[in-house]
Structures are given as C-alpha cells and as structure tokens.
Amino acid sequence: MKTTAWLFDLYPLHDRMVLWFLTPEGKRLRLVDDFAYRVYLGGPEARLRGLARAWKKGGWVQRVYATRGRDLWSGEEIPVLALELKSYAHLPRLRDWLGAQKEGLAGYNCDLDLAAYYLYRRKLWPCAWYDLEVRDGGLLSIYPLEDQFALEYTLPPLSIMTLGLTRDPLIPLAAGNGLVVGWEDHHLELEAQDAPSLVRELARLLKGQDPDLVLSDWGDEEIIPPLWDWSQQYKVPLPLDREPGPAPRRFKNGRSYFSYGQIVYQGASAPFFGRWHLDRRNSFFFRESGLMGPVQIARLGQMPLQQAARTSPGTLITSMQLARAVADGILIPWRKGEPERFKSAAELLVIDKGGLTFMPPVGVHFQTAELDFASMYPTIMTIHNISPETVNCGCCGGNDAAEGTTGLIEGEKVKRGKGEKGLVDINLGREVLIPLCPSSPFSPGLKPWPSPHKPVPEAGYRLCRRREGLVPRTLRPILELREGLKARAREVGPGEARQYQERQNALKWMLVTCFGYLGYKNARFGRIEAHEAVTAYGRDKLLTAKEICEAGGYRVLHGLTDCLWVKKEGLNRGELDALCREISRATGVKLALEGIYRWIVFLASRQDPQRPVATRYFGVFEDGSLKVRGLSCRRRDTPPFVRRAQKALLERLATAATPADLAALGPELEEMAAGFRQRLRDGDLKPQELVITRVLSQPVEEYRVDTATALAARQLQAAGIHLVPGEKVRYVQLERKGPKETRVRAAPFLDTLDRYDTGHYMELLDRAIDEVLLPFAGVSSEQ
DNA sequence: TGCCAGTAAAG
DNA sequence: CTGCCTACTGGCA
C-alpha cells in the first residue's frame, strides 16, 4: 500500500524502530522498521581481520564486514570494520568491551541515541510529510515530500488535551493538589479525591478524547509519575500511550548541569509512546518559542519531538553535527580525542579573551543609533571555516594533501553527483550508500573571508583551505533558514509573523550554543583553539567597524561583542544604512541598523557613580519601542511588584522624544514613584506580588552563608520538599534581622502570610526607581 | 568596615 | 553534553 503521511513519533521497541504517522485524513499509522545499530571499529588492518573472524563466530552481531570511513580529524579515508548488532541491548556491552581494549582500537558511532541514529541513517526527520510504501505494518520505503530546511510547511490538525494542577506544583498531587484537564472548550477540575479514582477519571478522558498531544504544566515531574505509579499499584489501566503492548516506560531522572557558567536544572521527563506529551514548564524550546519551536528543532536536529522539546540547545546542535557527519560518511569518534595543545602563559593572555567591549559615557544621549552584527559568531565560523578539525589542520601545513577525494563509505568509490539529495529507499538488507564529505574541497559557493591564507588575528592559527569543516557545514543551512524566517516575518502581517518569529528564535539558541560548545573541553566537537579563533575574529571585526564609523564622522559611544552605539548630529537612516553596507563588505558579516534612539541612557556603576558599566542601559527607538537591558525589571530575582513599577515608569518615559519632553515628564514620574512607595507602605500587597525567585546554586547542605535562598530552601527541606541545584526557590522576605527561621517564608507556604519586610522591599523599589529616574535629573529642556 | 560567598545579566 | 566574565548584594567577623 502506498500513502502520504506525516512522521509524528518514533521509538525503539524490541530491536525494531516503531514509527507513528498521521495521515491527512486524520488516521494514525503505526509502522515497524527493522533497523540494525551499526558501529565501526578502526585499527591496524590485521587486527581488524582477526576481529572480523572472531565477531562472526560470536552471537552479538548479525553482520560483520570490512568497509571504509572518513576520519574526522585528518579527513582521510581509513579502513574500518562495520558491525551490525543483533540487539540494541548489546550496545552497552560492546562499549564495555571497547573500553577494555588496549590502545590502537578505535570505536566509532557507538554512543549515539538510537532514535536519532535511525533518523540520521535513514535521512528522515520528524514533523514532515512523506510518501510511504507499507506492507503488513512494516515500512517498505519512505520518501520525503519537503525539504528539511523548508521555510514553509504544514502540520496536520492535532487534537490537544491540557493537563495542569490546581495549586502550587510543590504540593503533591491528590495530597492537597488537584488535577485540571482541558480539551476543546471543556475545562474540568478533578477533585483531589483518592488516587485510584483520579487515575480512573483521567483514563476515561484520555480514552474518550484520544488526543495527539497532551500539553501539560508540571506533567513531567508532578503529574504523570504519581499517576503512573498509582495505575500500577491499584491495577487501574491508564492509556497514556498509543503503543498497544506494554511501552518501555522509564522516567528519566532530572539532572543539574552547568551551561555558560550557570547551573540549570532539567526536570525528569515522562514521554508517551505514539502520543506526544509536552510539559511546557520543562521545555526550553517551548518556553522560548511555543509549539513551533520544538517542531522546528525536531526537524533540524533529527530527533523525536518529545526528546527535542526537552533537550538543551547544546544537545540539539550536537545532534545536527552528528547528522551531518553521518550523512557525509565521517566516523564519529566515541570519546573526544584531541587534547588542547600546550600554550604558554603569555599566549593565554593574548588569546583567552571573549568579546570586545568599549565603555560608554554615563548618562542620557540623543542622536544615537545602534548597529548589530547579525549572528556574528556563527557567521564567522562559516565564512572563515572554523571547526575543530580545521584549526591547524594537518593537510594545509604541508603542500600535497589529498585534495578533492570523494567516494562512498560503503561500496565502491564513485564520483560525487550534483545535487546529492541523498534519499535512499529503506534498505531491507540492501546496502545504503553514503557519500563522503560533499563539500571537499571547498564547495564553489564557499568564499573564505577575506583570505584563508591569513592566519587568525592575535592567535596566529591556520585554518584549513581544502576541506570545509563540519561546523560550517552544519551552520550554513541554519543561518540561511534563520535569515529566511526573519525576512518572512517582516513581509507578512503581524498575526502571521508570530510563527516565523517563534521558529527563528528557536534557531537563534542553537546558533548561540554552537559557539559556546566549541569552547567546552568535553563537547564532542569542541576545541578550545577553534573557540579562540572565533572570538579573535569577532574582536577584529568590531574594531574594523569602529574605525569605519569614526572615519565616517561618527562618535562610537559604546561597543559590546557584536553591537555598536554611534552618535552624530543629524544622523539619519539613509546614511546609517550605507555605513552598515560598507562595514558588512569590509568584515564579511552583515551589520544592520537595530534602530535610531530618541534617547538612550548608559548607567553608571553603583559602586562608583563615575564609572560606566557595559551591560546596563535603556532607551527608546524612533517608533516608541523600548529596549531595556540589565535593569531590575530584567532580573528574575526582582519581585513582580517592583518589576511592574519600574516597567510603568519606563513606559511613561517612552512617550518622551526630546530633552524638553523628558524634562516635562519629571513631576509626573515622581508622582508615580510616590504612589508605588505608598502602596508598599500601606502593606496590602498580595504575597504573590512580593515573591523573590532565586536559583539554587548548590546542594542545600553545602550553603555556608545563611542567605535568604538557603533559608527558604531549608524551610522546604524541613517540610519534605527536596530541591537540587538549578531548581528555583521562591520566597517572601519577612524581616531582615531576627531569628533565621522567620526571616523568609518560602512558597508554597504563603497563604497565611500577614506581613512582609517593608524596609527590604522599599530598598528594592527605590533602587528600581532611581535606576530609571536619576539619569534624567540633569536633563534640561535646552539640551 | 572589609572580605567573600552567592547570584544574576548581556553578548 | 559535565564550570565565560563582570557587577552587585548581603552575611559575617
């Protein structure tokens, strides 16, 4: 049977992949695909021959054969042994065996996520339409009907059920907390009754509605795990999945990890099988971009949507690099090899810097514009060919490196064809041919900037001129798609623009992280020299931009990594656009006018009012929109009341265009500020308005100082609620001094709150008010 | 008063 | 997918 359908969900089950499709008529299709996990072994050929004989006799593998693959670091083709495992369960044992081998044997492609590896190998991606050929519930062939990086695509109609809690998520389900279920225009609060009847009630609704998507708040940690436990315990079936047999359900634990020097907590996950469960409180991409975020990244990252939604941008960009590597026939090293080359202390001093900063003059400025480089770091990686394997590569140091070899990883060598779309029939025993490195040497479209022969500024590293690196190959299509989405968002009306905005925003985070990952010692495709090369080029380009601005008669007020603020009497859009074009030409990175400010304020350091700080500023563009960075209202530890007060003042300020306007607003703003102070003193604010949110930076026991955060976390601990690093603590400050037990009150114990530390909140409020009003104290109407 | 642990922001 | 740099606050001696 042939049909058209949308790839919805997939997961491994008993050594096969199960795929769920939705048809345009709204039917659900469950199909099975035999897929053997294939790993590669590299080493001396004699050793590989010996191993091949041994493996054939053993019971783990269904196929063993000699083949070739491309080494990531050298770009050379090397002989390898391919092993196709009989069972997915043998994978950990194979890794154990590999780990125990002595030097000289390298394992490749042996630690990839099963579903993702399946998608890489089959060249498929979720949330796209395919033509399928089906027989007896098995997938015979599959062909995509759209491009992976398409600007436009459609989703089939999805039936949605929502799930939430009636009270604070720290209160356990059915022990003070109730379940809220919604579908279409229904909204039902299931009373917090006994556990079995709660399960029974939800089971009835799930069965009746059979939603494609269950969209929850706190479902991953607070709702699904207890419901599932009760379902097992009381033998009440709960049809979370569409998988007919028992699903391989396991709740992945939450974990705390560091990212960009900050601790983050990724909650446990409770995915469904054949149905989507998305916990919007536990999905970075959903929080950032709504449903289109996870959909877009599941396609690009070639990852099941439920996994993609819960993953970090770093894991996602790694997945794209892995997909690229598999598609290009590159062998994926098991653990990262390359150690960082030794550097002298003097070298470190020169190289180990981040973005460049110019310090702004404190105070209010008029006639000022902001210019931003678009996706500066990813563009640098792309145009300068920066990738872990291209920095000080082995092939360009000498003279006669292998140039332009193409071939196939399995099967005989052939010339690379044009427009290699790379879609293959499902193999069903047939060998899948994988082209090697399609852009080796540099593809015709790639123009190294300005010359690949020049060493990296400051660091002096060389970059490969023969092979385009894995990172640039991965980034180029993302950059193109993001530019396309941004352009589309500008063309269409505001209503339609939203989905394009959501999608381009999801891509932004992948691009940002891709750069960050180059610097991680343990990232699979990280290499510190590559990271340094990127920031070195970044500083070089910002400096170039500054010089061009100054040559054009502009005064550069401020600069921050990839943005510039410039000032000139009578500055206008036409001249600025021309300036941007000139800088874009000179640097190879697109510089665009972010906007002309009616006025902008650069704030002073609070410790030394003479000294500016780089990252705190606010201003109003010509169209009246605000840009605010680093102020109280941008901080997550600012209580909502203070945040709202500051925002109200800012919004009033945004109506002023000229120095005279600003001066005239003074009395009204003071009056507003007085009003906020009075409300605080009156003491009738709701506790929710005063909640301070902080992230736990370490295990509760390890706090040496009794900060409010530590006290609040201990209060929760005493009530049996255990928090781990990266989780949020919410509390209200009751009194600053006095016994530690009563200084703060943690949420969710705020219902009975009858007082708060007015002095503390007044300080926060004053600080927020001063931040936005004090800079205008000296502004007179003549300025 | 000064030190430093703890926390957050912008890019 | 496992630790930027700088600014700032507040506990504590």
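In the text below, chain A, chain B and the rest are named by the order of the sequence lines, each starting its count at 1. Computed from heavy atoms alone, side chains included, the values below leave out hydrogens, waters and symmetry copies.
Contacts of Val512(A) with the nucleic acid, taken as non-hydrogen atoms under 4.0 Å apart, are absent. Gly314(A) comes within 4.0 angstrom of nothing in the nucleic acid, heavy atoms only. Residue contacts shown for Tyr703(A) are limited to sugar-phosphate atoms, with no base heavy atom under 4.0 Å away. Residue-level contact check: Thr709(A) touches the backbone only, with heavy atoms under 4.0 Å from sugar-phosphate atoms and none from bases.
How far NZ of Lys728(A) is from OG1 of Thr709(A): 13.5 Å, rounded to the nearest 0.5 Å. Interatomic distance, Tyr761(A) OH to Leu680(A) CG, rounded to the nearest 0.5 Å: 9.0 Å. The CZ atom of Arg299(A) lies 11.5 Å from the CG atom of Leu305(A); values are rounded to the nearest 0.5 Å.
Between the P atom of dA10(B) and the CG atom of Leu603(A) lies a distance of 12 Å, rounded to the nearest Å. Taking atom CZ of Arg255(A) as the reference point, atom C1' of dC1(C) lies 7 Å away to the nearest angstrom. At whole-Å resolution of the value, OH in Tyr377(A) and P in dC4(C) are 15 Å apart. Atom C1' of nucleotide dC1(C) and atom CD1 of Ile332(A) are separated by 14 Å, given to the nearest angstrom. The distance from atom CZ of Phe515(A) to atom P of dA10(B) is 18 Å, rounded to the nearest whole Å. The nearest whole Å value for the distance from the NZ atom in Lys508(A) to the P atom in dA10(B) is 11 Å. The separation between Leu542(A) atom CG and dA10(B) atom C1' is 14 Å, rounded to whole Å. Remark: C1' of dC5(C) and CG of Leu356(A) are 14 Å apart, rounded to the nearest angstrom.
Comparing atom distances between the Lys627(A) side chain and each of dG11(B), dA10(B), dA8(B) picks out dG11(B) as nearest. The side chain of Gln698(A) approaches dG6(B) more closely than any other nucleotide in the set dG6(B), dC1(C), dG11(B).
For the pair Glu735(A) and Arg755(A), the salt-bridge criterion is met [side-chain N within less than 4.0 Å of a carboxylate O]. Ion pairing between Arg310(A) and Asp220(A) holds under the 4.0 Å rule for side-chain N and carboxylate O. Salt-bridge annotation for Arg767(A) and Glu763(A): present, with a side-chain N of the basic residue lying under 4.0 Å from a carboxylate O of the acidic one.
Comparing the C1' positions of dA8(B) and dC1(C) gives a spacing of 24 Å, expressed to the nearest Å. Taking atom C1' in both dA9(B) and dT2(C), one finds a spacing of 23 Å when rounded to whole Å. Comparing dA10(B) with dG3(C), their P atoms are spaced 23 Å from each other, to the whole Å.
Using the six-membered ring where Trp is involved, Phe618(A) and Trp599(A) have ring planes that are perpendicular, over 60° apart on the 30 and 60° scheme. Between His558(A) and Phe602(A), the ring planes are perpendicular. Angles over 60° get that label, and only those under 30° would be called parallel.
Scanning DNA chain C for stems, defined as runs of 3 or more consecutive Watson-Crick or G-U wobble pairs whose donor-acceptor distances all fall under 3.5 Å, gives the following ranges: B:1-8 with C:6-13.
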Spell out protein contact along nucleotides 6-13 of chain C as letters: B when the base is contacted, S when just the sugar-phosphate is, - when no protein heavy atom is under 4.0 Å; keep the 5' to 3' order. -SBBSSS-
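Between the side chain of Thr638(A) and the backbone N or O of Cys633(A), no donor-acceptor pair lies under 3.5 Å.
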Apply side-chain contact (heavy atoms from CB on, under 4.5 Å) to Arg677(A) and Asp766(A), showing your working. CA-CA 8 Å; Arg677(A) 292 194 180 99; Asp766(A) 280 336; 2.7 Å; yes
